[in-house]
Each structure stands twice: as structure tokens, then as C-alpha cells.
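Here, residue 1 is the first one in the sequence, and each next residue gets the next number.
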Amino acid sequence: MKQQIKQHGITVAVVLGVLVVGAGAFVYSGLYDIGADAPHTKPVFAVMQAMRERSVEVHSKDIQVPDLNDEQLILKGAGQYAAMCTECHLKPGGKDSEIRPGLYPQPPNLSQVRVAPKEAFWVIKHGIKMSAMPAWGLSHDDPTIWSMVAFLQKLPDMTPAQYKDMVAKAPPDEDMDMGDEGGHSHSHAATAADGDAHEHAAGTPAVEAPLSMEGIKPNAAPAAEAVARAFQAALQHGDRAAVLALLAPDASISEGGQTQTRDDYASGHLGEDIAFLKTARITPVSLGSMPMGDAAMVGSESDMQTTIKGKPATLRSRELLNLRKDGAGWTIVSIQWQTTPVAGE
């Protein structure tokens, strides 16, 4: 009997050993296609999906959910979502972004599905291995993450117009305060993922004539220059309300031959610009103006130190603002932005 047990044990050990060696040989061979454009086999996908769902469920079960109906909390979450999430998880009425079709597994469209609060909080905070979902808890505190969770509970019921309105009303994003660096702060690199006129920021600059600064002189229209500086500072500090307050209702924002309305900018690229400033450093180069009666033009240049495709890069950014008198002050009626690599980069 003992001999039979011993032999059985040896057999099991040999079989296990063969399986381990076989698995190791398969892994080392590199035969399994790990490319994101080659889906897992059904058994592998089923196992990974079950493991992911159970892991999130188990790890999030003891999380205490705060009051998610607070309007200010939801508003803050709207700004966070617009800045960090729309490229992967979309917005009401939005179609696939440039990055989303190439992600595997495909991120859920959060404008169409509602995720349980506990699970949403855990996933946002800790991320998901072997996916494009980052661990936002490494750079954002729990109250900020809960604001996103609160917003996600409302998102599936929103129309595109309601979404735009809420994002436009979102409060400043304190997590993205970059200090008092001054200078042009538009996130050309951040908006490159939209796949439109911003592709030059991803390292393939569009060929276009430089914005003309002819007639622009320092301190020619000090009040208009002060508005331009306030606009730049508001972007750098993530103050959405201040940015939008300086833009006329009919303002237009142009770059690379493409023009957006104020509302379109508020619901999309504004959040992305603010998010970009979390890592970009702005160095002012010049700023001047040209008075034209009840109108004025303010032009500025600055250098942007950022990272493109994992490599440090310096971009020369040009900004041209057209302003008109609005009572005793000035309001911005159009913006032109242009970015090119600094020579030698």
C-alpha cells in the first residue's frame, strides 16, 4: 500500500514537472501573440475576465461610499472626467477617439453604462493590470476620486448638451496647480489624441506659416496684455471658470486650420489643456500688443518643456489673441495657437 502511494506521488510530481517545463518552454518560445491587435483565445479571455471581475469585487467590498448626490462633488467630477477619461471612455454623443480602437481589452463606454460606486472607486484608484487603466490614486486623493465616481453615476443619463453644460460649470482643478510660471499654456501635445489638427504635437509638426507678430510691441495696450496674462494664468492653474469668463460668448479657438466654438472648447480641449499642464513647464519668451481702437491684439511666445512618446521635448508655442472692449474691460473674441519644435529638438 505504501509502495502504491509512493508511486502515485512520484507520478503526480512527474506530471506536474512536465506541465511546468512545458509552460515555461511555451512562454520562452514567444509563440503567444501579445499584440493588442490580436485578441486572446476564448479560454484565456474567459479566465482573465473572471479573475478581473472577482478581484475588483473582493477588493472593493468593504469600501464605505460617501454621499454621491452632492452637486459640488458631481461638478468637480465632471471636470476631472473631461480632463482624464474621455479619450478612452468617451462622452455622451461621442464616437471612437484615435486611441480607443487600439486598446485591448476595449474600455467601457461610461456614457452608456453605470458602474457600481465601490467598484468604480477601486478601479479608478488602483487601475487594472495589463490594460490601459492607470492607477489614478498615485496622483489624486480619495475625495477627488469620489468626485469622479459621483459624476459617473449621472453620466449615462446625460445628453450631449447637458454634458457640455456641466463641464463648462466645473470648478477649478486644484490637483493641476502649476504655480506662477506665466506664458502660453495651451496643451497642444495633450490634444493630439483627438486625431484632428493637433497631430503636430505628437511629434509630426504640421507645415504652416508662422503666426505673424508684425506690429506687436511690449506695453502698447497694457490693459489688453493684462487680460492675456490672466487668461494664461487661469489655464495654468486649472481655473475653468476664470478661463471661460475671459472668453466672449462668440469666441473662437483656432489651431492647425481647425476652429472651435467656445462651447466646444469648454466641453473638450479645455479639460485636456489643463491636464497637460500637470507635466508641462512653460517658459515665457515674449509678450506684446497692438491697440486698434476698441479692439486690440496680443501676441506671445513661450517654450514648453514636455514629454512626447516617452522622450523629453521642447516646443515653441505662439499665441495670438484678439480682444474687444467690454465696458471698462476687455474680452477675448478669438485665439490662434501654433506649436513647432524648437530647433535642435
Side-chain angles (χ1 to χ4, degrees), residues 23 27 32-92 94-158 163 166-167 170 173 175-176 193 271-272 275 278:
V27 171
Y32 191 84
D33 189 348
I34 202 68
D37 57 350
H40 292 302
T41 61
K42 289 184 178 180
V44 171
F45 182 81
V47 169
M48 293 186 70
Q49 186 176 37
M51 182 170 62
R52 181 182 68 248
E53 292 176 354
R54 282 295 296 150
S55 177
V56 173
E57 181 180 347
V58 170
H59 284 86
S60 65
K61 63 183 178 67
D62 294 326
I63 292 176
Q64 299 299 311
V65 180
D67 179 12
L68 300 181
N69 293 313
D70 181 88
E71 292 186 2
Q72 292 305 311
L73 189 69
I74 296 170
L75 274 178
K76 179 176 180 178
Q80 297 289 331
Y81 185 85
M84 299 184 294
C85 308
T86 56
E87 284 304 311
C88 293
H89 297 290
L90 304 181
K91 56 189 176 183
K95 298 180 179 179
D96 276 347
S97 65
E98 185 175 11
I99 188 176
R100 181 179 161 84
L103 296 178
Y104 185 80
Q106 185 88 155
N109 182 346
L110 295 180
S111 70
Q112 297 179 355
V113 298
R114 186 175 285 105
V115 183
K118 290 183 179 182
E119 296 183 2
F121 177 85
W122 193 91
V123 170
I124 294 171
K125 181 170 182 175
H126 299 287
I128 300 291
K129 290 183 177 74
M130 297 185 72
S131 78
M133 183 64 201
W136 288 111
L138 297 177
S139 56
H140 293 70
D141 59 21
D142 284 3
T144 299
I145 294 175
W146 277 120
S147 76
M148 287 188 272
V149 175
F151 175 71
L152 289 178
Q153 305 311 302
K154 307 296 182 181
L155 183 60
D157 300 322
M158 288 184 182
Y163 172 82
M166 181 169 286
V167 170
D173 183 355
D175 293 326
M176 296 177 182
E272 295 162 4
K278 193 171 187 180

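The structure places CE of M148 at 11.5 Å from CG of L110, a figure rounded to the nearest 0.5 Å. Within the model, atoms CH2 of W122 and CD1 of I124 stand 12.0 Å from one another, a figure rounded to the nearest 0.5 Å. Annotation: the span from M166 atom CE to E71 atom CD amounts to 8.0 Å, rounded to 0.5 Å. With rounding to the nearest 0.5 angstrom, the CD1 atom of I74 is 11.5 Å from the CG atom of L155. Here the straight-line distance linking atom CH2 of W136 with atom SG of C85 works out to 7.0 Å at 0.5 Å rounding.
Taking all atoms of both residues into account, the shortest heavy-atom contact from G271 to A83 is O-CB, 3.3 Å. Nearest heavy-atom pair, Q153 versus V115, reported as atom, atom and distance to 0.1 Å: NE2-O, 3.1 Å. Scanning both residues, T144 and D141, for their nearest heavy atoms gives OG1-OD1, 2.7 Å. The nearest pair of heavy atoms linking V113 to P156 is O-CG, 3.4 Å. Among all heavy-atom pairs drawn from F151 and G77, the shortest one is CB-C, 3.7 Å. Listed here is the closest heavy atom pair of L73 and A150: CD2-CB, 3.9 Å.
Residues satisfying the side-chain contact (heavy atoms from CB on, under 4.5 Å) criterion with P66, sequence neighbours excluded, are L68, W146. When the side-chain contact (heavy atoms from CB on, under 4.5 Å) test is applied to L90, the partners found at least two apart in sequence or on another chain are D96, R100, N109.
At least one donor-acceptor pair closer than 3.5 Å links the side chain of K118 to the backbone N or O of K61. Although no hydrogens or angles enter the test, the distance criterion places no donor-acceptor pair under 3.5 Å between the side chain of S55 and the main chain of R52. No side-chain donor-acceptor contact under 3.5 Å links H89 to the backbone of S111. Within the 3.5 Å criterion, the main-chain N or O of K91 finds no donor-acceptor partner in the side chain of Y81. Between the side chain of E272 and the backbone N or O of M84 there is no donor-acceptor pair closer than 3.5 Å.
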Which atom pairs, one a donor and one an acceptor, fall under 3.5 Å between side chains of residues 126-133 and the rest of the protein, sequence neighbours left out?
residue: S131; atom: OG; partner: I128; partner atom: O; Å: 2.9
residue: S131; atom: OG; partner: M133; partner atom: N; Å: 3.1

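A heavy-atom distance below 4.5 Å is found between the side chains of K154 and N69.
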